[in-house]
Amino acid sequence: MTAIRKVLANTWLDAISLIVIGIVFVVPFIFIFLTASKTGPEAAMFEFSLPTNFQLFDNIREVLEFRDGRMLLALWNSTILTVGSITLIVLLSALVAFVMQRRQDRVASLASSIMLAGLILPPAVVPTIFVLQNIGLYRTLLGLIMVEVAVTMPFAIITLRAFMATIPREIDEAAIIDGASPMQVFFRIVLPLLRPAIITVIVVSSVGIYNDFAGPLYFLPGAENVTVQLTMYSFISQFTSQWHLLFANVLVITIPPLVMFLFFQRQIVSGMTKGAIKG
Amino acid sequence: MMSESRPKYILRTYPHWFYIPAAIIFAIFFVAPTVLAFYFSLTRWTLFDATFIGLENYQRFFGDPQLSAGLRNTVIYAVITSGLKVIIGLLLATLLTSRLWLKDLLRSIIFFPVLVSTVAVGITFSVLMQPTTGLINTVLRTTGMGPPDWLGNPGMALFSVAMVDVWRGLGIATMIYIAGIMSIPDDYFEAAKLEGGAWVKFRYVVLPLARNATFTVILLSFIGGLRTFDLIWTMTRGGPGFASDVLTSVIYKQYQAGFYGLSTAGNVVLFILVTIIVYPLMRFLNRRELAEL
């Protein structure tokens with residue numbers, strides 16, 4: 001009897017949690033999809049209903065063609081920003097994590113405390129503009145890349161250093177005895193072994209940089225080098241009566257993180273919940 | 001210190017210059033602006049020339065209720081979001097570690113919003129929270145509740161944005177708690193099963209043993225909550241009036257208005273706030289983790 005009651009209770013719990021979580025977390029995404037598939041006037045009613053005329057692909061095409069393909073340009077710029085930043089972050093952070101973990105000296109502990117500050121302090125925005133302007137990088141993609149690299153490296157170094165500790169020293173020492181130079185040890189032996197942690201760093205930071213809004217808002221104003229987050233933000237005013245296009249835009253820019261999530265869920269979850277804390 | 005006792009030919013493989021490329025970028029684009037902020041916050045500043053005016057910017061900042069409201073709201077926002085993430089995150093994690101089919105799917109569903117751009121989330125919820133036609137109020141009306149003006153009511157706007165922040169960030173809190181609960185040895189759960197039901201398990205096993213997870217969630221939500229900008233800016237722009245202004249939106253508004261010195265003073269206030277709240281939390285957390293080793 002109790003066993004049956006338990007099973008029934010569990011089924012009820014299942015059903016209720018599924019319904020509540022479904023409503024709270026899934027309905028907003030369905031709403032985005034439905035609104036992005038409607039005609040202008042129908043979308044403006046904000047109803048949670050099926051579109052009478054399914055025109056998602058027309059809406060997406062219109063968003064991409066809007067203002068001579070400004071959205072396409074933004075997608076391109078965001079790709080350069082993300083790929084450029086990630087390449088530098090991975091390479092430079094791995095170099096630091098390698099020496100820092102293997103040689104736990106005064107330099108390493110100094111670097112550790114500086115990184116802690118980088119992890120918790122927000123950037124000083126106007127002084128950063130001042131610095132960028134003085135070295136000629138204000139309003140350039142390269143300037144924004146440098147800022148993203150600087151603010152993301154502490155997280156990357158901590159994640160890579162933690163993984164570095166699991167690679168036995170004997171492996172590098174064997175290579176050293178065989179006559180390998182520091183660069184050879186790093187590039188041929190350590191970097192390939194760091195692969196799982198590097199994947200975590202790549203997926204977590206690329207989602208963060210791709211989604212960054214304040215960075216481009218301050219350091220990359222102007223139409224020609226706009227990124228996707230900023231484009232969508234400026235569309236809010238231009239599309240006020242065209243909610244179907246605004247939501248088609250929301251849908252388009254949500255696809256890259258969704259793809260990342262489908263392929264790298266495990267790395268993203270562990271990278272975001274573990275790496276960030278252990279200083 | 002262990003590695004320093006190793007022979008020189010081995011230490012040579014870990015040269016200090018490997019720090020240099022990262023250090024240069026970090027120094028120019030993070031450390032330099034941070035240090036400069038303290039000086040420029042004491043000036044009237046146009047980016048081209050700066051006149052030293054002492055503490056005038058800070059006096060203005062704390063004297064003007066519209067500016068200092070940003071400080072108060074930032075703290076309220078951080079406290080509300082981290083408190084709710086702790087409570088709901090722990091409950092969801094307890095649910096999602098019990099015998100529940102579909103729990104993997106539910107975990108993924110809760111986590112996904114973490115990855116969605118804040119601007120997209122802000123736009124979507126601004127529409128869902130529309131006072132007359134928004135989906136949330138349409139549903140509330142069918143249940144007979146008086147539908148509030150989520151973002152238009154000055155007393156509610158900050159709270160409404162905080163709710164959306166919780167919606168978006170709950171996935172991280174839940175996953176941290178799930179990891180914490182899964183690391184509790186099975187013996188404890190067995191003992192709790194003998195003593196009583198689900199409540200005993202929750203109250204005397206999960207709650208005390210997931211304490212480290214709680215500190216982690218509080219720490220992460222505070223760091224995020226104190227620095228919050230994107231959601232506030234896309235949903236209310238600090239409005240109505242100044243009702244939902246936080247430090248970062250004040251910094252942006254003063255920057256837009258050309259008051260660079262004042263904006264930077266706001267930035268320094270934010271540094272100090274983050275440091276006095278987060279740094280002790282972090283020390284405390286690290287000490288606890290060391291004690292457990």
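The basis for the numbers below is simple: all heavy atoms, side chains too, and nothing from hydrogens, waters or symmetry mates.
For the options B:Leu96, B:Thr234, B:Ile123, heavy-atom pairs under 4.5 Å to chain A are most numerous at B:Ile123. Among B:Phe48, B:Phe125, B:Phe26, B:Tyr39, the residue making the largest number of heavy-atom pairs under 4.5 Å with chain A is B:Phe26. Among the candidates B:Arg237, B:Lys103, B:Arg12, the residue making the largest number of heavy-atom pairs closer than 4.5 Å to chain A is B:Arg237.
Proximity to chain A (any heavy atom under 4.5 Å) is shown, for B:Leu105, by neither the backbone nor the side chain. Contacts between B:Ile20 and chain A at a heavy-atom distance below 4.5 Å are absent for every atom of the residue. Looking at B:Phe222, neither its backbone nor its side chain comes within 4.5 Å of chain A, counting heavy atoms on both sides. B:Phe40 touches chain A through its side chain: at least one heavy atom from C-beta onward sits under 4.5 Å away, while N, CA, C and O do not. The part of B:Leu128 that comes within reach of chain A is its side chain, from C-beta onward, which places non-hydrogen atoms under 4.5 angstrom from that chain. Residue A:Val126 touches chain B through both its backbone and its side chain, counting heavy-atom pairs closer than 4.5 Å. For B:Gln256, no part sits under 4.5 Å from any heavy atom of chain A, backbone or side chain. Only the side chain of B:Phe229 comes within less than 4.5 Å of a heavy atom of chain A; its backbone N, CA, C and O stay farther away.
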Which pairs would a plain distance check flag for residues 260-282 of chain B, meaning a side-chain donor or acceptor within less than 3.5 Å of a matching protein atom at least two apart in sequence or in another chain?
residue	atom	partner	partner atom	Å
B:Ser263	OG	B:Ile251	O	3.0
B:Thr264	OG1	B:Tyr260	O	2.7
B:Thr275	OG1	B:Phe271	O	2.6

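For residues 105-117 of chain B, the side-chain hydrogen bond (donor to acceptor under 3.5 Å, both in side chains) pairs, not counting sequence neighbours, are A:Gln229-B:Ser117, A:Gln265-B:Ser108.
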